[in-house]
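Presented below is the structure to which this report refers.
If you're wondering where the values come from, they're calculated on a predicted model, not measured in any experiment.
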Amino acid sequence: MFPRLLANGRGLMLAGLCAVGLLSAAAAVGVAQGVAALFGAALDAGASAPAYLGAPGLALLALAVVSLIVLQVVERALSEYLGQHYVVDLRMAIYDQLYALGDRERSRLRHGHLMTRFTADLAAIRNWVARGLAAWVTGGAMLFGLVGFLTWQAVVFGVGVAGLVGLLAVVTVTVGPVLGARIREARRRRARLSAFMGERLTAMQGVRAVRIGARDRRRLERLSRRLGSALVSREAWSGFVRALPLAAGLLAPALAIASIAVTPGTTPSITEMVLVMTVASLVTRPLGQLAQAFVHRSNYRIARRMLRPLFELPTQPTRRSGGRTLRQGASRLDIRRLDMPN
């Protein structure tokens with residue numbers, strides 16, 4: 001069976017990624033405040049400029065930028081460790097399942113399909129855990145922190161960005177079935193091509209006929225073209241999903257400005273406007289992580305569906321019911337009254 005995702009300390013790793021996301025949001029807000037302060041000082045905003053301008057302000061801005069870089073490194077390393085940690089457990093579970101199968105069930109499995117399970121399917125699952133689930137946790141925490149800061153600045157800012165995020169989520173979920181169909185088609189074409197190559201490479205050892213070789217070459221070209229077309233369609237829809245956060249990031253600052261125009265009695269300073277617009281533009285990164293995670297999840301669901309029948313095969317019993325278990329230890333051979341022929 002599939003190993004539990006939160007077992008063996010992986011729950012603590014996800015908690016650490018959540019903390020990294022919140023700290024990234026705090027560092028991003030620090031960068032935005034530093035930029036807004038420098039902008040206000042350049043325009044001689046006077047009383048509206050923060051009090052920590054000058055050398056301390058530049059130091060805080062540099063510290064926030066360095067913190068973002070360090071947190072990005074920690075996030076990538078921890079998410080990759082999480083994915084590898086889970087894949088090792090899953091790989092060993094698959095090996096134990098194959099080892100426990102009877103000879104008849106094991107002989108029915110095709111070696112090419114098994115190699116696909118151990119390579120492509122495990123890679124898809126690793127990408128989901130390391131690049132998908134981890135991105136959902138980290139990006140979601142960072143997005144929560146940024147939207148919370150915007151709401152603290154002005155409720156209308158947070159409500160506007162939250163509505164934009166909700167609209168993006170609806171569009172992504174709507175496109176999901178189409179993207180999943182393109183991914184399944186690409187995997188089906190790749191499986192057919194791999195099976196054909198495996199069979200032909202085996203047949204080439206005994207068959208050297210030119211006519212058969214030419215026919216196989218035409219079929220290989222046809223399968224390759226179909227696989228290429230399926231991959232192009234898959235990448236086109238994946239690109240559409242990944243482009244949605246970019247559009248949302250470009251619309252977020254404009255939405256912040258529009259929210260001021262429609263809100264009576266709201267007269268923010270230039271520094272506050274720069275601060276809100278900078279934070280709104282930083283929403284692009286966590287939104288991109290969430291959209292990319294959606295693509296990885298589509299691949300993960302298909303890979304899990306392909307691996308599930310392997311765990312459902314009947315295995316040999318570990319020992320016979322009612323039998324005695326021999327104790328392990330030292331043994332000896334005692335021969336008594338042995339008659340040897342002359």
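- Nearest heavy-atom pair, Ser24 versus Leu68, reported as atom, atom and distance to 0.1 Å: O-CD2, 3.6 Å.
- Using a 4.5 Å cut-off between side-chain heavy atoms of Ile, Leu, Val, Met, Phe, Trp and Tyr, with links allowed through other members, Val147 and Val20 fall into different hydrophobic clusters.
- We find the OG-CZ distance between Ser229 and Arg234 to be 12.5 Å, quoted to the nearest 0.5 Å.
- Enclosure of atom CZ in Arg4 is not indicated, since only 12 or fewer non-hydrogen atoms of other residues, nucleotides or ligands lie within 6.0 angstrom.
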*For the pair Glu235 and Arg182, evaluate salt bridge (charged side-chain N to carboxylate O under 4.0 Å, His left out) and give the outcome as yes or no after the intermediate values.*
CA-CA 9 Å; Glu235 290 304 316; Arg182 297 300 185 275; over 6 Å; no
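- Expressed to the nearest 0.5 Å, how far CH2 of Trp128 lies from CZ of Arg301 amounts to 10.0 Å.
- Using the six-membered ring where Trp is involved, Phe149 and Trp152 have ring planes that are tilted, between 30° and 60° apart.
- In terms of heavy atoms, Leu146 sits closest to Ala28 at CD2-CB, 4.1 Å.
- Nearest heavy-atom pair across Ala141 and Cys18 is CB-O, 3.5 Å.
- In this structure, CD1 on Ile94 lies 11.5 Å from CG on Asp89, to the nearest 0.5 angstrom.
- Arg91 places a side-chain heavy atom less than 4.5 Å from the side chain of Leu122.
- When atom types are taken as modelled, the side chain of Thr138 and the backbone of Ala134 share a donor-acceptor pair closer than 3.5 angstrom.
- Considering every non-hydrogen atom in both Trp136 and Arg297, the closest pair reads CH2-CD, 3.6 Å.
- Rounded to the nearest 0.5 angstrom, Leu78 CG and Leu17 CG are separated by 4.0 Å.
- At a threshold of 4.5 Å between side-chain heavy atoms, the hydrophobic network of Ile, Leu, Val, Met, Phe, Trp and Tyr places Val137 and Leu22 in two separate groups.
- Taking a 6.0 Å sphere around CH2 of Trp237, one finds it holds 12 or fewer heavy atoms contributed by other residues, nucleotides or ligands.
- Follow the hydrophobic side-chain contacts under 4.5 Å out from Met13 and you never reach Val88; the two are in separate clusters.
- Screening Leu90, Leu14, Leu5, Val87 against Val129 for a side-chain contact (heavy atoms from CB on, under 4.5 Å) leaves a single residue, Leu5.
- The two residues Gly132 and Ala293 have their closest heavy-atom pair at O-CB, 3.2 Å.
- Under the 3.5 Å distance criterion, the side-chain polar atoms of Ser79 are matched with a main-chain donor or acceptor of Arg76.
- Clustering ILVMFWY residues whenever any of their side-chain heavy atoms sit less than 4.5 angstrom apart, transitively, puts Val74 in the very cluster that holds Val66.
- The CZ atom of Arg226 lies 5.5 Å from the CZ atom of Arg222; values are rounded to the nearest 0.5 Å.
- The two atoms that bring Pro286 and Gly139 nearest to each other are CB-O, 3.3 Å, heavy atoms only.
- Counting only heavy atoms from C-beta outward, the side chains of Phe2 and Leu307 approach each other to under 4.5 Å.
- Within a 6.0 Å radius of OH in Tyr95, no more than 12 heavy atoms belonging to other residues, nucleotides or ligands are found.
- A cation-pi contact, defined as under 6.0 Å to the ring centre and within 45° of the axis, is absent between Arg10 and Tyr86.
- In this model, no donor atom of one side chain and acceptor atom of the other lie less than 3.5 Å apart for Asn127 and Asn299.
- A distance of 8.5 Å separates CE of Met142 from CD of Glu75, quoted to the nearest 0.5 Å.
- Clustering ILVMFWY residues whenever any of their side-chain heavy atoms sit less than 4.5 angstrom apart, transitively, puts Leu227 in the very cluster that holds Leu220.
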